[in-house]
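Below is one structure, written out as C-alpha cells; the observations come after it.
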Amino acid sequence: MSSDFQYEEEDFTSNKVDTNTLFRIIASVRPHWRWVAGFLFCITVVSVSEGFFTFLSKHIVDEAIIPRNSTALVQTLEVYAALAAMFAIMVFGFIYLAGGLGVKVRYDLRKKVFDHLQTLSFSYFDKTPVGWLMSRVTSDTERMADLVTWGMLDVTWAIMNIITALVFMATISWQLMLIVLVMVPVLLWVAMWFKNKILVEYRASRKLNSRITATYNENITGVRVVKAMRREEANRAEFDTLAEEMYKRSFRAAWLSALFLPAVQILSAIAIGAIIWNGGLQVNLGTMTIGGLMAFIAYVTFMMWPVQDLARVYSDMQQAVASAERFFSLMDTHSDLVNKPGAIDPGTMRGDIEFENVNFYYQPEKPVLKDFNLKVSEGETIALVGPTGGGKSTTVNLICRFYEPKTGTIKINGKDYTDYTLESIHSRIGVVLQTPHLFSGTIRENLRYGRLDATDAEIEEAAKLGGAHDFIIELEKGYEEQVGEGGVLLSTGQKQLISLARAVLAKPDIFVMDEATSSVDTLTEALIQRGMETLMKFSTSFIIAHRLSTIRRADRILVIENGGISEAGSHSELMHLKGHYYNLYMQQFREELTAQYDPFGNGEPHPTGGTGKVPAQVVAAGD
Ligand SMILES: Nc1ncnc2c1ncn2[C@@H]1O[C@H](COP(=O)(O)OP(=O)(O)O)[C@@H](O)[C@H]1O
Ligand SMILES: [Mg+2]
C-alpha cells in the first residue's frame, strides 16, 4: 500500500500549518492585491465602527439618559445614523470584494493547473489516478481560494475586533482590561484544543467509514466466494472491529463537540463575573460610570466570537494548507517530455520513419521494446498484429512521441525526432484510438478540431470521406447536434467515425489507428474502412487491427511479439511462411463468421457471400 500513500485524501495527521506553503498560497493572490487591500480596508472599517457602536451606547447612558439630556440624545443618534450608513456600505464592500476575489483566485488556480496538466507526459498520467487529479483541480483549488478570501477575511476581522475592543476597553478601565488580557489566551487555547481533538476524531472516523464501505463492497460483490470459502465468520469479525472503532470515535467527536460550547461559556462567565465584581466596586466608588461598565461587558462579548472564530479558521487553514501541498506537488511536477534546446519545426513530418535499436520500458524492470529496428517508407501502410501485450500500442505511442525511446533513436525524414518540437510532431499526426474521445459541443465543433480554419464545406467533405456524413444527417440537428460530455450521446462507432473524419480533415502526414474497429458493428467497420483508405492515400499509416479485412489492405504486416518484430511481409508472404501470422489468420478467420471468404488476399469474394466456414481445400491450397 505504500505506493499509493501519496494519493490518500485526508492522510495528514499533523496539526501544524506549514508557513512556507501558507505564504505560497497567499502569494497566489498577488496579481489581485487591489482587491485584497480593498476588502481588508472594508473589514477594518466594519470592525472599528462596531467598536464605536458600543462606545456610543456608553455615551447615551452616561451623557444623555442618566443626566436626562435630550439634545445629547439626538446628537448621539445622528452620529449613530451616520455610522450605521457607513457600516452598511463597508459590509457590502467586503462581501462583494471577497466574493469577487474568490472567483478570480479560483479561476487562476484552475487555469494554472489545467494548463500544467496539458504539459505533463503520458507517463505521469499512467501512474496518477484520474480521481486524484480531479480533486486537485476541484476541491483543492476551492479550499485554497476560500482560505485567501473568507479565511483571510475572518482572521483580519477577528484580529481587528480584538484590537478595537482592547483599545476601547483601555479607555474605559485598564484594570478591567488586564482581566481580559489574561482571559483571551486561555480561551484561545481551550478553543484550539477542542477543535483539534474534534478534527482528529472526525478524520479517524471518516477513514474508518471508507474502510467499512470497502469491506461492504467486497463482501457484497464477492458474496459467492465469501460463502464458498467459508469466510463469513472471519469477515464478520473484521467488520465488527471496524464498526466498533468507528462507533467509539464518532461518539467521542460528538461528546467533544457538545462539551465545547459550555466550556467556552463557563470561561466567559468566570471572566464576566470577575469584571462585574471589580467593575461594580469601581462604579460604587465613583471611579467608573454605569455606561462604562455596560460597554465594557459588551466589549467582552464582542471579543468572544472572534477568539472562537480564530480556532475555527485555524482548522480550516490546516485543511487548506494540506490541499495546497498536494496542489503544489502537482504544479512542481514537470514533464519528462520536453523540447530539446534548439528543437525545430520543419513544417512537415513527411519522409521515412526509422526505429534504430530502440529500447523502451514503462517500468525499468519490465522491458517492453527490445532493440527494435524498423524502416518505413513515406506513404507506406503498416499493419501491426500480434498477441495482447506484445507491444503494438507501445510502438505507435513512440511514433506519436507520447513517450520517447529510453535508448536508441526514432528518425523521421532522416533526423532524430527529438530534434523536432513536440508540437510540430503532434500537430501532423492523426490518431484514432480504441476509445475515441470527443469534447462536449456540437459535431461540427468536434470535427473542426482537426483543422481550426476549415470551412463548413471542407468539414462536410471530410465527414463524407471519413464515412460519418450519412449518420450525421440522420440526426435531428445534423452537424449541430450536441455530442454530450466526452461524446456520451453517441455510440462508440459514431464517435469513431467522427474521430476519423477529424483526422481526414487534418490531412496528417502520419496516421495512426489503434484498434479503432474492435468494438463496432460490421456496418460501421465498413464505413471506418472507407475513411481509413482515404487517409492511407496521403499519410504514412500505422494500423493496429484485429479484423483481417483491415489488415490485408496494408503494404506490409508486422507481427509484434515479446517486444520485437517476429514476422514481416505482405499478407501472402506471411501466409506462406506459416508462422504466427498464419495461425492468427486461420483462427480469426474461423471466428469472423461474417467476414468475406478470401484467405489468400487475391481479392475474390466468397461466391455465396461468406458463411465464414473455412473449407479444408482452401487451407490446403495455401501450401
Ligand atoms: N502505461 C503503461 N504502464 C505500464 N505498463 C504498460 C503500459 N502500457 C502498456 N504496458 C505494458 O507494456 C506491454 C506492451 O503493451 P502494449 O504495447 O499495450 O501491447 P499491445 O498493444 O500489443 O497489446 C504490456 O506488458 C503492458 O502490460
Ligand atoms: Mg494495444
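As the structure lists them, so they are numbered: ligands from 1, and atoms in each ligand from 1.
- The closest protein non-hydrogen atom to atom 1 (N) of ligand 1 is D126 OD2, 3.0 Å.
- Looking only at protein heavy atoms, the nearest one to atom 15 (O) of ligand 1 is T394 OG1, 3.8 Å.
- For atom 5 (N) of ligand 1, the closest non-hydrogen atom of the protein is Y362 CD1, 3.3 Å.
- Taking the side chain as every heavy atom from C-beta outward, Y585 and R552 approach each other to under 4.5 Å.
- When each atom of ligand 1 is checked for a heavy atom of V368 under 4.0 Å away, the hits are 12 (O), 13 (C), 14 (C).
- Residues meeting the salt bridge (charged side-chain N to carboxylate O under 4.0 Å, His left out) test with E533, sequence neighbours left out: R553.
- Numbered from 1 in the order shown, with element, the atoms of ligand 1 that lie under 4.0 Å from a heavy atom of S393 read 17 (O), 18 (O), 20 (P), 21 (O).
- Residues I472 and E460 form no side-chain contact, since every pair of their non-hydrogen atoms from C-beta on lies 4.5 Å or further apart.
- Side-chain polar atoms of H469 and Y479 form a donor-acceptor pair below 3.5 angstrom.
- The presence of a protein heavy atom under 4.0 Å from atom 26 (C) of ligand 1 is ruled out.
- A donor and an acceptor atom, one from each side chain of Y403 and T394, are nowhere located under 3.5 Å apart.
- Taking 4.5 Å as the limit, every side-chain heavy atom of V105 sits out of range of all side-chain heavy atoms of M144.
- F471 places none of its side-chain heavy atoms less than 4.5 Å from the side chain of L527.
- For the pair K392 and ligand 1, the shortest N or O to N or O distance falls below 3.5 Å.
- Nearest to atom 20 (P) of ligand 1 by heavy-atom distance, out of G389, P367, P387, G386, is G389.
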Residue pair F402, I429: steps toward the side chain to side chain contact (heavy atoms under 4.5 Å, CB included) verdict | CA-CA 11 Å; F402 293 147; I429 294 190; over 6 Å; no
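- T409 and D416 form no side-chain donor-acceptor contact under 3.5 Å, judged by distance and modelled atom types alone.
- The side-chain heavy atoms of M349 and S424, taken from C-beta on, include a pair separated by under 4.5 Å.
- Take a cut-off of 2.8 Å around the Mg ion (ligand 2): the protein N, O or S atoms inside it are S393 OG.
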